[in-house]
Every structure is written in C-alpha cells, then in structure tokens.
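Sharing a structure with you now.
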Amino acid sequence: MSVQLKIWGCRGSVAAPGSDTVKYGGNTSCVEVVLEDDVALVLDAGTGIRALGLDLVRRGVRQIHIFLTHLHLDHLEGLRFFAPLWDEQVTLDVWGPRSPVLSLRERILRAFSPPLFPLDFGDVPARVAFHDLPAEPWRMQGVSLTADLVLHPGPTVGFRVETAGASLAYLPDHEPALAGIERRSADWISGGALAAGADVVLHDAQYLDEEYGAKIGWGHSSVSDAVAFCRAVDARRLVLFHHEPERSDSALELLQARARELTRGEQVPPEVAREGMVIELG
Ligand SMILES: [Zn+2]
Ligand SMILES: [Zn+2]
C-alpha cells in the first residue's frame, strides 16, 4: 500500500497571502494522508482545508476523518469553508484532544454559530460526528495512528502515522525546549515517543534563533530546536513547518539554509514545507 502526504497549508498563527508568500504558501495548517482507497485522513483544518475540500468533492471522496492537534483558530478556521460539509452523502468524523471543561463538539461549535459565523451547525447537511482522540494507538484504513499530548498552550497533541513501510510525526505547534531536549532519552522529551526513529517529521520551526528569545513560552520552536529535536529522537528527515506569518519566501529559504548548516550533513537536509508539497511515505 503506498501512502503519500500532501501539504495543503503550512503557515502558522494566521493566513498570510501576498506576493512574497506565493512560493511556500499563505494557508494555515492542513496535511492530507493520501490513501489508495476513497477515505480521506486529514491532519488539522486550517485555511488549507478549503482547497482540499474542493479536491475531495472533485475526487468523489465522501468518507472523511479530520484529526485536530488542538483548537487554536489557525488549525480550525478552514472547517467552516470545507465543501464536503454541504453534501448530505458525506460522513465526517472530527477527532480532537479531550478537555476537562467542554466537549469537542461544544468547543468547535462556538466558532460555527452566530455571531462569529452566519450559519448554525444544525444547517450542515453532512453527517458529522465528534470524538475525543483515543489514549492508545489505533488502526484505520491500514495505517496506525497515535496521538499524544505535547508542550503547547492548551490541550494539544502531536500525531504519529505509521504505514507498513514508513512513519511520520506531525508536530506543527510544539515547544519541546521548554522541558529540555539535549542529554535526555527520547521518551523524556516532549513529543519524543511520537517522533522516535520517524522517517519524516513535520515540525514547528516558527522562529529564527535570534527571534526565539523574545517568544519563549509561546508554544513554538526555533529552527535550531527543531533540528536538535530531530537529532535527539533519531528522526531521518525534518520538514520545517508552521511558518511565521511575516516570513517571506526568500526569508524561508534563509531559514532552510540555517537548518542545513545546523545538521552538518548528519541527517537528510531539512526542507521548508511548501503548499502543494507531496511526500512519499512508502
Ligand atoms: Zn498553530
Ligand atoms: Zn497553537
């Protein structure tokens, strides 16, 4: 079974369209795990999910699972403009981290009702169900999935997706440096168990090192911490993700060059995530 990843949005915090973000894209987090059958697995529902939704309609995919790392708006705000919602033959399962206060449905529907949105969720024709993410790994459509809490404000998880031949860790919003990365085993690093030995890691690299000092505790990583994290957990390939909205295409290429200097040839050269990028997972 061949599995691909397709990046539909990799911008952090807020969408950033414009002439200087054309190459890497301005849409916020959304990644599709592309399977051979007609079921879609989607990681996060940032503004990138709008174009994915149109593509799923075109492909006739009517069974869809969306896995949310957390409910910050940059990971959720595309859901209201997700075309499959408006098809009564669609079955949509939305999975997210549990909260001790409100159900996932109640938290999401705050953003899906007046005055924040003109329609009420009751008007949606698709069959939609909300689920707390399982605490233990589970299997779906021939892949194994794991969700685990990671360091970021509010209940936030990262995901590990494993196929028969390869593994992916998706950690778009993550600040493992807060608890420490160096000189500890992978299972004592935030997100370490999710990313241990992974073939591909999509990891938060929102800041240059010189910017990070003013942003400690905001929940995001510097480029050198993203590289250090992958080295510490023995991951093979780092894809730098959750780009700072202010970061132009040319500035992202400088960030990529910085990451490559830091790896010093010991890992596969890190790459900057780009909207439309397809990664073969095997
Ligand atoms: Zn985010
Ligand atoms: Zn966040």
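Just follow the structure's listing: the first ligand is 1, and inside any ligand the first atom is 1. By convention here, the first residue in the shown sequence is residue 1. Both backbone and side-chain heavy atoms feed into the values below; hydrogens, waters and symmetry mates do not.
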What N, O or S atom of His72 is found closest to the Zn ion (ligand 2)?
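Checking each N, O and S atom of His72, the shortest distance to the Zn ion (ligand 2) belongs to ND1.
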Please determine if the Zn ion (ligand 1) has an N/O/S atom from His242 lying under 2.8 Å away.
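Yes, within the cut-off.
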Which residue, His203, His242, His152, forms the ring pair (Phe, Tyr, Trp, His ring centres under 6.0 Å) with His174?
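Answer after filtering His203, His242, His152: His203.
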Donor-acceptor side-chain pairing of Glu175 and Tyr207 below 3.5 angstrom
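There is no such pair between these side chains.
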Presence of N, O or S from His220 under 2.8 Å of the Zn ion (ligand 2)
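Short answer: no, not a single N, O or S atom is under the cut-off.
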Glu211: which of Gln206, His220, Arg247 passes side chain to side chain donor-acceptor pair (under 3.5 Å):
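Going through the options one by one, the only one that passes is Arg247.
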Count the heavy atoms belonging to other residues, nucleotides or ligands that lie under 6.0 Å from CZ of Arg80, then report whether that count exceeds 12.
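Atom CZ in Arg80 is crowded, with more than 12 foreign heavy atoms closer than 6.0 Å.
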Determine, step by step, whether Phe241 and Tyr170 satisfy the ring pair (Phe, Tyr, Trp, His ring centres under 6.0 Å) criterion, reporting the C-alpha distance in whole Å, the side-chain angles of both residues, the deciding distance to 0.1 Å, and the verdict.
CA-CA 9 Å; Phe241 201 88; Tyr170 175 67; 5.7 Å; yes
Apex the Zn ion (ligand 2) - arms NE2 from His70 and OD2 from Asp173 - angle rounded to 10°
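Taking the Zn ion (ligand 2) as the apex, I get 90° for this pair.
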Which atom name would you report as the N, O or S atom of Asp74 nearest the Zn ion (ligand 1)?
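Among the N, O or S atoms of Asp74, the one closest to the Zn ion (ligand 1) is OD2.
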